[in-house]
Q: 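Mind looking over this structure? Questions follow.
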Amino acid sequence: MNVADREDLTLLERAHERFCAGEPVESGVRPWVLTSWERSRHLGVVSYHMPPVYDSDVDLHGRLAQAATPVLDELEARLSGIKVAVVLGDEHARVLQRRVGEPALLRGLDDNQVLPGFEFSEQAIGTNGLGTALAERRPVLVWGREHYPDSMSGLVCAGSPIRDPISGRVEGVLNLACLDKFADPAMLGVAVNATDRIEECLLEQISQREQAMLRAFLEARRRGGEVGAVTAQPIDRAGPILSHDRLRLLEKATELISAGQAVVAVVPLSGGRTATLVSRVIENPAGTRGIAVEAILTDGSFWHVTSGSRGDHGGASTTRRGPLARAATPVPVHQPPTAEPAIAAGPASTGPAPRVPEFPLTAAPLPGAPVSDTAADRWLLAVGEPGVGRLAVKARERLSLIWEAGSRVGTSLEVTRTAQELAEVAVPRFADFVAVDLPDPVLRGDEPGVLDAGLRRIALATTLQNFDLADVGALTHPPPTTPQGRCLADGRSVLEAEPDTTFWWTPQDPERGRRVREQGIHSLMVVPMRARDVTLGVASFYRSRRMGAFEEDDLALAEELVGRAAVCIDNARRFTREHIMAVTLQRSLLPRRLPEQDALDVAWRYLPAEAGVGGDWFDVIPLPGARVALVVGDVVGHGLHAAATMGRLRTAVLNFSVLDLPPDELLAHLDDLVTRIDNEESTRDGPETHECEAVTGATCLYAIYDPVTGACTMARAGHVGPAVVHPDGTVTYPDVPVSPPLGLGGHPFETTELRLPEGSQLVLYTDGLIEDRHRDLQAGLDELQGALEGAAGRTPEETCQAVIDTTLPPHPSDDIALLVARTRKLSPSKVAHWDVLPDPAAVASVRTECGAQLQAWGLEDIGYTTELILSELITNAIKYGTPPITVRLLHSRSLTCEVSDGSSTSPHLRRAATTDEGGRGLFLVAQFAQRWGTRYNPRGKVIWAEQPLHDGAAAATMDDTPADTLLAQFDDLTL
């Protein structure tokens, strides 16, 4: 033993001392050992006292001992010379056999009463190799001080439970023990291999019993002692039996065997025929009772019930395929088999059994189904033990449940819905109460992380009244000693089905324990929901006494159900996460709030598709001169790439709008950009190339509304046209020329102009609103028109909601963007206009009239600054432009000065040198204006400048020079 091992043993010894003293234990002991100590203490076991518990009624030579003896003999021979003892115990941890030869070890076992008939369950002595292996239902290695009783601390025990190979129930335990100085972890592997051999011997016992029963039955038939004389009859008078009829007969025969008594049942077959099955109680020479099932048609004819050569009954295979429902091919009673009979096919093992109608069982022949008394009228269908038959019925039910779960669990990519489907599948066929608990991060699509923060009850189903350990939505914190806490800590399933040890943990969770006892719950399974080696949560299954206790096979079935559901939940979680990420990305690329402007009252809706995000977008962009641009677009495709492309296009539209381009020119620039994007994506190398190639273009509608004139100019590239709700409530679809979608290149775009009265509503949208796979375009337009009719008195927000409520598909397959803008017009009193002669002397007069207008508007504070800006702009128009020259002032949220002329030459801002006589005018404009720019129209250009309406705008004069002096100097420069 090295230094590290000695330190570990010292920590373990201290942990045991602290535990026995009632102090908390946080380290130094394995979690499952600490759980076993907790059980032992709850059962009243004290470590310093191990009272011998002897049972004189223990069957030392029963079925388990007989099956284990040859294995123990071989194991004893192999371990000769090795200081290891072999101990066989039954299902109550009572010793059946002990094989030991080393004197020191023999004395140690004798001192601890490890003798036949003595019990070593946890409730008797606490943690040990025999009882703890049964309690944990898995192989365990108990090392030294991990034993709860002090007297066994010098031993190392490796225990492995022995299960019935048919039912899966724990029938006993095999334990290898040695002194701690001779311990080897390989002992556990030897014990497991030995238990596998013992289980094979148990299976052999079952096969031998059924063979003996079949031979006894055939011998009785041959002698006629039980059913009368034997006569020959034809085999195929009724024709061949169909495969699904054969399955029905064998399934019903299994049910009759499980009933364990002589009964008669009628089975309907295809073609309007029926069959009568008769079961008889039989007994083999050893006294084992079983059931034989015979079949007959109601008209007295016979048939083949298994595949194979017709009439080949004597050469059945001797290969053993399982202990269930043995029969010949079938063997006719007048011709006994010459070899061991083959096994009749039971419920299909490769898939769910077909649903068979419930047939009544009676103690006498049913009316209309006569049963002949002669042996020649009956054919042997199946032979088996009632217990094995019941297991076959359960196996068929479990297969059916798994098949049903495969079709019902995971029908959607929703975490809560999938969990609820799991609970509903299991109740009431499998459990009385099922609950699914997951941590909050899983519900949000994140990784579960640390589960100490608690679990959220997200699904439950129950047949019990007023039994709700936690309501749906409640946050629970299971204590570490509860099955849920142990399941989360170990990542292993927990089965509690023994009446004397079940719910030992209830004092740590008294409220849960009280409710469990009130409902008569006596069996519980907790299964971790694991996917990708990560525990997502737990599923708890409860049974009341009416359903019986859970068994090992039930635990395997629960793990299968929960495992399938866990994969579905993990897929739903990952889909939720990716969907949230995609929607977050897309929403971050869309406008978060609309800009302030006076031209339109705007409302909008954006709804992502159920299948994922797309490339729909919209925008509201204020333009100079109180105008507003409205944009709606749609990128082809779905997913993150479409959303990212949409963000690039929206940014491009914002940048192009700064240039104040007309709609057709802006779409032309956007078309070039989309073409360039597609070319870049199609030539990109890497695994993402295929996804990128799916994005081939986009559609867009761009409109500019002018509140001064009420004119709305628009152009569209492959996009659906707008709708207009006039002030009188009528709805029209303006004829806006449609151009090819963006990205095709080489096609011109056309602009159209509408005159919208004040109070009109302009409705822009994407095709997802009016078109889907179940509705054509015209039907969608009709629905939209119906939703818009009568919208004259509504606000844009109300119109948006009415449209969504009327036209939204039940399951949108495409994104939807909707923009509703109600027009407003700028009052004529807020607009001032002058024509300017192309003479520098006209600048002073226009400046004087401008000052008077500003005074009328109450904007005297920015009068001097405005006059300075107008002087520069008008002077440049006179000097470098061509007539006609006009000046316009717009008073809205800001003051806009516009000077237009017939020239297309645009001025440029530059920094003048000290010796330059000019070049400082635009610099002054840029300093005093909030922003300025140039836009072009068919008649020339417009140079504009905007000023905020606040005090202090005129205070930013250069060198603290008074404004009137600065203007006088500016006049001298311009003249």
Q: Taking only residues two or more places apart in sequence or in another chain, which ones pass side chain to side chain contact (heavy atoms under 4.5 Å, CB included) with Gln778?
A: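 Partners of Gln778 by the side chain to side chain contact (heavy atoms under 4.5 Å, CB included) criterion, ordered by chain and then number, come out as Asp776, Leu781, Asp782.
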
Q: With sequence neighbours excluded, tell me which residues meet side-chain hydrogen bond (donor to acceptor under 3.5 Å, both in side chains) with Asp706.
A: none

Q: Give a yes or no on this: more than 12 heavy atoms of other residues, nucleotides or ligands lie within 6.0 Å of atom CD of Glu753.
A: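 Yes, enclosed.
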
Q: So, using ring pair (Phe, Tyr, Trp, His ring centres under 6.0 Å) as the criterion, who are the partners of His833 when residues are at least two apart?
A: none

Q: Taking salt bridge (charged side-chain N to carboxylate O under 4.0 Å, His left out) as the test, write out the residues that go with Asp672, two or more places apart.
A: none

Q: Among all residues two or more places apart in sequence or in another chain, which pass the side chain to side chain contact (heavy atoms under 4.5 Å, CB included) test with Pro757?
A: Pro727, Ser760

Q: May I ask you to say whether Asp446 pairs ionically with Arg577, meaning some side-chain N is under 4.0 Å from a carboxylate O?
A: no

Q: Does atom OH (Tyr880) have a neighbourhood of more than 12 heavy atoms from anything else shown, all under 6.0 Å?
A: no

Q: Between Thr886 and Ser900, is there a side-chain donor-acceptor contact under 3.5 Å, judged purely by atom types and distance?
A: yes

Q: Evaluate the side-chain proximity of Leu870 to Val887: yes if any heavy-atom separation is below 4.5 Å, no if none is.
A: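 Yes. Closest side-chain heavy atoms under 4.5 Å.
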
Q: With sequence neighbours left out, write down each residue that passes side-chain hydrogen bond (donor to acceptor under 3.5 Å, both in side chains) with Glu849, or none if nothing qualifies.
A: Trp834

Q: With heavy-atom distances below 4.5 Å as the criterion, would you say the side chains of Val820 and Trp604 are in contact?
A: no

Q: Please name all residues satisfying side-chain hydrogen bond (donor to acceptor under 3.5 Å, both in side chains) with Ser588, sequence neighbours left out, ordered by chain then number.
A: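 For Ser588 there are no side-chain hydrogen bond (donor to acceptor under 3.5 Å, both in side chains) partners, ignoring immediate neighbours.
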
Q: Answer yes or no: does atom CZ of Arg939 have more than 12 heavy-atom neighbours from other residues, nucleotides or ligands under 6.0 Å?
A: no

Q: Looking at residues at least two apart in the chain, or sitting in another chain, which of them share a salt bridge (charged side-chain N to carboxylate O under 4.0 Å, His left out) with Arg627?
A: Asp660

Q: Just to verify, what does Lys941 make a salt bridge (charged side-chain N to carboxylate O under 4.0 Å, His left out) with, not counting sequence neighbours?
A: Asp901

Q: Indicate whether any N or O donor in one side chain lies under 3.5 Å from an N or O acceptor in the other, for Arg847 and Ser871.
A: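 Short answer, yes.
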
Q: For Glu898, give me all partners under salt bridge (charged side-chain N to carboxylate O under 4.0 Å, His left out), at least two apart in sequence or on another chain.
A: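 Per chain and number, Glu898 pairs via salt bridge (charged side-chain N to carboxylate O under 4.0 Å, His left out) with Arg888, Arg935.
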
Q: Run through Ile862, Thr865, Thr866 and flag the one making a side-chain contact (heavy atoms from CB on, under 4.5 Å) with Phe928.
A: Thr865

Q: To the nearest 0.5 Å, what is the distance between SG on Cys850 and CD1 on Ile874?
A: 8.0 Å

Q: Please list, chain by chain and in numerical order, all residues satisfying side chain to side chain contact (heavy atoms under 4.5 Å, CB included) with Lys830, sequence neighbours excluded.
A: Leu826, Ser827, His891

Q: Scan side-chain atoms only and decide if Gln801 and Arg605 contain a donor-acceptor pair under the 3.5 Å cut-off.
A: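 There is such a pair (donor and acceptor under 3.5 Å, judged by atom type) between the side chains of Gln801 and Arg605.
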
Q: Only counting residues at least two apart or in another chain, list the ones meeting ring pair (Phe, Tyr, Trp, His ring centres under 6.0 Å) with Phe749.
A: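 Result, ring pair (Phe, Tyr, Trp, His ring centres under 6.0 Å) vs Phe749: none returned.
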
Q: Using 4.0 Å as the upper bound for N to carboxylate O, is an ion pair formed by Arg893 and Glu596?
A: yes

